[in-house]
Amino acid sequence: MKRELTPDQLRDFRKRLLDWYRRHRRILPWRRTRDPYAIWVSEVMLQQTQVKTVIPYYRRFLGRFPDLAALAHAPLQEVLKVWEGLGYYTRVRNLHRAAQRLVRENGGALPAAYEQWKQLPGVGEYIAAAISSIAFQQPCAVVDGNVKRVLSRLFLCDEPVNRSPSSGVFGSLADQLLDRDKPGDHNQAMMELGATVCRPRRPLCPRCPVRGYCRAFREGVQGRYPVRLARTALPEVSVAVGVVHREGRVLITQRREKGLLGGLWEFPGGKIQPNESPAQACRREIHEEVGLVVEVGTRIARIKHAYSHFKVMLQVFSCRYLRGKVRLKGPVNFQWVWPEELENYPFPAANRKFLPLIQQSWERFFGPDDGPGGDE
DNA sequence: AATACGGGGAC
DNA sequence: GTCCCAGTATT
C-alpha cells in the first residue's frame, strides 16, 4: 500500500476537498452553531447513528437542556426520557456525568484541548478530535466510519475497517492528510465526503473532488473496499413479558444502570426455557423477578426485535394480579402506574411497540371495570 | 484483541 | 431479510 503524497499533492488534495465541502455540504443543525456544548451533544448522538435519525433528537435535547448547566442539573431520568429510542444509553449517562463533573470541577467551562476532552466519560478518540478541531481549531484528525472508508479506497488499504481498534493505519493516514490551517472544516469535509459521495454502496465517484488521488477509482475496485471482517450471526432468544394489572394500574420495573438498556423501565419477564410454554415462562419469571403470583391471560402481542448482539422474540401477556408483595430480584425499582402515566417513563423500543395495546386488550378480555383488587 | 452496547434508515 | 451508521467502555 503506497500512501505518501508529495507536499504539492497534499496541498492540492486539501484545497479540492475543502472547496467541494464549502459548495456541497448539507445544512445540518449542528453546523449552524459554534457552541461547543451543542457540538458535543451532536457528536455523542451521532455515534453509530445516522444523521437523519439524530436531527429530531438533537433539537429536542437542546431545547430541553440548552446549556451545560441545564444538563448537569437535570435528573438522569429526565435526560433518559429525552434520549428514549436513540439507543446506546450509556452515551447519555456518560454525557450527563461529564456535564456534572465540568460544572463541579471546571466552573462549567468546556476544555479546548484534545487531552482534556479525552479524559471525560464517553469521550473517546473520535469525539475528542472532533470537538477540539471543530469547536476549538485544534489540529486533530478524526477517524470515524466515513473517514476509514474514504481512506481505505484512496490508498487501497486492506486493513479491515471493523477491527477494533483498526491498528492505527487509518489514524496515520488521516493525520497525513489533515489540513492544519482548517482542521475543523477538513475533518467535516472528510466525513461529509464519506457520507454523501464515497458511500458504502454505489459510490458517486464522478462527483468526487479527490478521485484523482483514489487508487480504488483508478483500478475500478471501489466495490471491494473497504475490507470488512465477516460478522457472526446474531443468536436468538425468546422472552415472555407480562403486563400485570391491578386495580386499573400496571406494574413496571426499572433496569439497573449498568448494562443493556441501563436505567430504562420495562414490563417484567424473562427467557422462555426449553420445554416451557410462553405463558408458563411469563408466570414463573414474574414470580422470580418481582415476587408476585399472577394469572396469565391473553397474549396481546408478539414483537420481534434486534439488538446489537442478539435478536429477541417478545411474547407479551396480559396478567391479573392474584397475590403477593413486590420483592425485586434483578430490577432496582418498581412502580404501579396508570396507563396514561406510561408516557412519562423511558422504555426500550421493543416495549414501546405494545404500549398502545395495553388498555384496550385488558378491557376487551376482562371488562372495563377496576380490575382485580389485592390484599396488600 | 474481543465483546457489549440500540435502533432504524436504506436497500 | 442484510448492512451499517460522525464509537466507547469493558474485559
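Numbers restart at 1 for each chain; the letters A, B, ... are given by sequence-line order, proteins then strands.
In this model, a donor atom of one side chain and an acceptor atom of the other lie less than 3.5 Å apart for A/Arg31 and A/Gln188.
With C/dG7, C/dT2, C/dC5 as the choices, the nucleotide that has an atom nearest any side-chain atom of A/Pro200 turns out to be C/dC5. Side-chain proximity of A/Met191 to the nucleotides B/dG7, C/dC5, C/dA6 is greatest for C/dA6. Minimum atom distance to the side chain of A/Leu260 is reached by B/dG6, of the listed C/dT8, C/dA6, B/dG6. Considering only side-chain atoms of A/Thr53, the nucleotide from B/dA4, B/dC11, B/dG8 that sits closest is B/dG8.
Taking 4.0 angstrom as the limit, A/Arg91 places none of its side-chain polar atoms (N or O) nearer than this to OP1 or OP2 of C/dA9. Considering only side-chain N and O atoms, A/Lys304 lies under 4.0 angstrom from the phosphate OP1 or OP2 of C/dG1. Proximity of A/His305 to the phosphate of B/dG6: no side-chain N or O atom is located under 4.0 Å from OP1 or OP2. Side-chain N/O atoms of A/His309 include one lying less than 4.0 angstrom from OP1 or OP2 on B/dC5. Not one side-chain nitrogen or oxygen of A/Gln50 sits closer than 4.0 Å to the OP1 or OP2 atom of B/dG9. Distances shown here put a side-chain N or O of A/Tyr89 below 4.0 Å from the OP1 or OP2 atom of B/dG7.
When heavy atoms are screened at a 4.0 angstrom cut-off, A/Val54 is found touching no nucleic acid atom at all. Contacts of A/Arg149 with the nucleic acid, taken as non-hydrogen atoms under 4.0 Å apart, involve only primed sugar atoms and P, OP1 or OP2. Counting any heavy atom pair closer than 4.0 Å across all strands shown, A/Ala349 reaches sugar-phosphate atoms only and no base atom. Within 4.0 Å of A/Gly194, counting heavy atoms only, lies no atom of the nucleic acid at all. Looking at heavy-atom distances under 4.0 Å, A/Trp30 makes contact with a base.
Comparing B/dG8 with C/dA9, their C1' atoms are spaced 23 Å from each other, to the whole Å. B/dC5 and C/dC4: their C1' atoms are spaced 15 Å apart (whole Å). One C1' atom belongs to B/dG9, the other to C/dT8, and the distance between them is 23 Å to the nearest Å.
Look at CG on A/Leu234: it is 11 Å from C1' on C/dC3, rounded to the nearest Å. The separation between A/Arg201 atom CZ and B/dA10 atom P is 11 Å, rounded to whole Å. Put simply, CG on A/Asn162 is 8 Å from P on C/dC4, counting in whole angstrom units. The CD-C1' distance, from A/Glu125 to C/dA9, rounds to 13 Å in whole Å. Residue A/Arg228 contributes atom CZ, which lies 15 Å from atom P of C/dT2 at whole-angstrom precision. When rounded to the nearest whole Å, the span between CH2 of A/Trp40 and C1' of C/dA6 equals 16 Å. Per the geometry, CD belonging to A/Glu84 stands 9 Å off P belonging to B/dG7, to the nearest Å. Per the geometry, CG belonging to A/Leu86 stands 16 Å off P belonging to C/dC5, to the nearest Å.
Nearest-nucleotide assignment on DNA chain C puts the 5′-proximal partner with A/Leu28, out of A/Leu28 and A/Arg97. Looking at which nucleotide of DNA chain B each of A/Lys52 and A/Gly85 is closest to, the 5′-most match is held by A/Gly85. Mapped onto DNA chain C by nearest heavy atom, A/Arg26 and A/Asn94 fall at different nucleotides, with A/Arg26 at the one closer to the 5' end.
Taking the six-membered ring for Trp and thresholds of 30 and 60 degrees, A/Phe354 and A/Phe267 have ring planes inclined between 30 and 60 degrees apart.
For the pair A/Tyr57 (side chain) and A/Glu84 (backbone), a donor-acceptor distance under 3.5 Å is present. Side-chain atoms of A/Thr53 do not come within 3.5 Å of backbone N or O of A/Thr49 as any donor-acceptor pair. Between the side chain of A/Thr298 and the backbone N or O of A/Ile300 there is no donor-acceptor pair closer than 3.5 Å.
Residue A/Met190 forms a side chain to side chain contact (heavy atoms under 4.5 Å, CB included) with just one option from A/Leu178, A/Asp179, A/Val210, A/Leu151, and that option is A/Leu151.
For A/Tyr126 against C/dG7, a side-chain-to-base donor-acceptor contact under 3.5 Å is absent. Between the base of B/dG7 and the side chain of A/Thr49 there is no donor-acceptor pair shorter than 3.5 Å.
Taking OH of A/Tyr307 as the reference point, atom CZ of A/Phe310 lies at 6.0 Å (rounded to 0.5 Å).
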